[in-house]
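A short worksheet on the structure shown next.
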Amino acid sequence: MANLFHFYTEMGLVELLGRKAKNLTELLEGIKTVPGSCIYHHTHKFLRQHNFLSPEPPNDFAYWTGSVFGDELLGEELAAVDIIQFNSIRELRDKFIATIEEHLLQGIEEHSVFSGYEFHFMKSRSFVIKTGHVAGSLQEFLEIIKKIDTQSLYFHIFEARIRLERPGNDFSYWFASELGENELARRIAQIDPYTITLEGLRKKIVNMIEERLHA
């Protein structure tokens, strides 16, 4: 008998770290030393806050660098960082560090923004909560995923990749390890969740499960 799948959701609290950057050197030093929850917040918060908009905007580092600090070239380079390619905050942090360091090696003349335009480092603190929904079969899972809130989807799809530091998500892992649904697990793991809305993601997963059940 398969182990049950427990659906969780989460609530997020944003905290100012009391640290800010007025130039690229300070931004770089901040990225190197802030907690991982800060890197996560500045690269994933849009997905949590705007459930029905797609595609996502560039990360906060890219936005500030290009639109506030005025270095459009570096802003474009930071915006081009493909978040989905990284399975850990450590790897993602290293990519931002390498991108900024390489840019600074080009002899860019450093300057600072005026007071009030600094980059403020923040972090997200998550509170994980049980939803009370539990599935023991694919049919039960289907009925539940149709009605859980989008924050639960976010937790099991986006948070899972960073939390477990591996490709895939909680859903695909359970399908394969507990139900033996390897093909369904593979298909769901291959969904790029960064290119669609959370509601679009829900619809795609529901369709895949229904196709499997009706096969």
Side-chain angles (χ1 to χ4, degrees), residues 12 14 17 19-113 117-124 126 150 153-155 157-169 172 188-201 204:
V14 178
L17 295 182
R19 181 168 186 170
K20 54 189 177 181
K22 62 180 179 294
N23 53 48
L24 297 183
T25 299
E26 292 182 359
L27 180 69
L28 176 62
E29 290 306 309
I31 292 175
K32 286 181 177 180
T33 56
V34 293
S37 55
C38 177
I39 304 298
Y40 185 86
H41 173 79
H42 289 299
T43 55
H44 286 73
K45 72 181 178 73
F46 176 83
L47 296 164
R48 183 197 303 269
Q49 294 172 343
H50 300 272
N51 298 334
F52 304 100
L53 300 179
S54 182
E56 78 278 8
N59 57 76
D60 288 345
F61 304 129
Y63 176 79
W64 182 81
T65 302
S67 300
V68 180
F69 182 73
D71 192 328
E72 295 183 2
L73 177 59
L74 179 57
E76 291 175 358
E77 293 173 347
L78 294 175
V81 173
D82 188 1
I83 295 173
I84 198 173
Q85 299 300 319
F86 301 89
N87 294 325
S88 73
I89 289 296
R90 180 185 63 259
E91 295 173 352
L92 185 56
R93 184 201 302 269
D94 288 345
K95 178 60 177 177
F96 284 120
I97 291 172
T99 301
I100 297 174
E101 287 182 337
E102 183 177 344
H103 186 75
L104 289 174
L105 286 175
Q106 298 175 14
I108 305 299
E109 185 176 348
E110 184 73 295
H111 67 278
S112 298
V113 297
Y117 291 89
E118 300 94 342
F119 183 93
H120 290 266
F121 289 96
M122 308 177 189
K123 71 175 182 179
S124 293
S126 297
T150 53
L153 276 175
Y154 181 92
F155 176 80
I157 295 292
F158 292 95
E159 293 269 358
R161 293 184 63 254
I162 299 298
R163 171 165 38 85
L164 303 177
E165 295 195 358
R166 66 184 178 207
N169 53 71
S172 58
I188 291 180
Q190 288 182 339
I191 298 174
D192 182 352
Y194 294 90
T195 60
I196 55 179
T197 66
L198 287 170
E199 285 298 337
L201 180 62
K204 182 165 286 193

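As a basis for the values below, the full set of heavy atoms in this structure was taken, side chains included, without hydrogen atoms, waters or symmetry mates.
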Original post:
Is any side-chain heavy atom of Ser172 closer than 4.5 Å to a side-chain heavy atom of Ile191?
Top reply: no
**OP:** Inspect the contact between Arg19 and Glu29 and indicate whether a charged nitrogen and a carboxylate oxygen are less than 4.0 angstrom apart.
**Re:** no
Original post:
Between Leu74 and Asp71, which heavy-atom pair has the shortest distance, and what is it?
Top reply: N-OD1, 3.1 Å
Original post:
Minimum heavy-atom separation for Met122 to Cys38, with atom names?
Top reply: O-SG, 2.9 Å
**OP:** Look at the aromatic rings of Phe61 and Phe121 and report parallel, tilted or perpendicular, splitting at 30° and 60°.
**Re:** tilted
Original post:
Just wondering, do His103 and Ile108 contact through their side chains at under 4.5 Å, heavy atoms?
Top reply: yes
**OP:** Classify the side-chain pair Asn23/Ser112 by whether it contains a donor and acceptor separated by less than 3.5 Å.
**Re:** yes
**OP:** Dump the intermediate steps for side chain to side chain contact (heavy atoms under 4.5 Å, CB included) on Phe119 and Val113, then the final yes or no.
**Re:** CA-CA 9 Å; Phe119 183 93; Val113 297; over 6 Å; no
Original post:
Does the side chain to side chain contact (heavy atoms under 4.5 Å, CB included) test come out yes or no for Asp94 and Phe86, once each step is laid out?
Top reply: CA-CA 10 Å; Asp94 288 345; Phe86 301 89; over 6 Å; no
Original post:
Is the backbone of Tyr117 close enough, under 3.5 Å, to the side chain of Trp64 for a donor and an acceptor to pair up by distance?
Top reply: yes
Subject >> CG-CG distance between Asn169 and Leu201, expressed to the nearest 0.5 angstrom >> reply: 8.0 Å
Subject >> Full working for side chain to side chain contact (heavy atoms under 4.5 Å, CB included) between Phe158 and Leu153 >> reply: CA-CA 8 Å; Phe158 292 95; Leu153 276 175; over 6 Å; no
Subject >> Shortest non-hydrogen contact from Gly66 toward Glu72 >> reply: O-CG, 4.1 Å
Subject >> Spacing of Asp60 atom CG and Leu78 atom CG [to the nearest 0.5 Å] >> reply: 11.5 Å
**OP:** Could you walk me through whether Phe96 and Leu27 pass the side chain to side chain contact (heavy atoms under 4.5 Å, CB included) test, one step at a time?
**Re:** CA-CA 10 Å; Phe96 284 120; Leu27 180 69; over 6 Å; no
Original post:
Can you tell me how far CD of Gln106 sits from CD of Glu102, rounded to the nearest 0.5 angstrom?
Top reply: 6.5 Å
Subject >> Euclidean distance, Ile31 CD1 relative to Lys95 NZ, rounded to 0.5 Å >> reply: 13.0 Å
Original post:
Which atom names give the shortest non-hydrogen contact between Leu24 and Ile100, and what distance separates them?
Top reply: O-CG2, 4.4 Å
Original post:
How far does CD1 of Ile196 sit from NZ of Lys204, to the nearest 0.5 angstrom?
Top reply: 5.0 Å
Original post:
Just by distance, do the side chain of Thr65 and the backbone of Ala62 share a donor-acceptor pair under 3.5 Å?
Top reply: no
Original post:
Would a distance-only check, ignoring hydrogens and angles, find a side-chain to backbone donor-acceptor pair under 3.5 Å from His111 to Phe69?
Top reply: yes
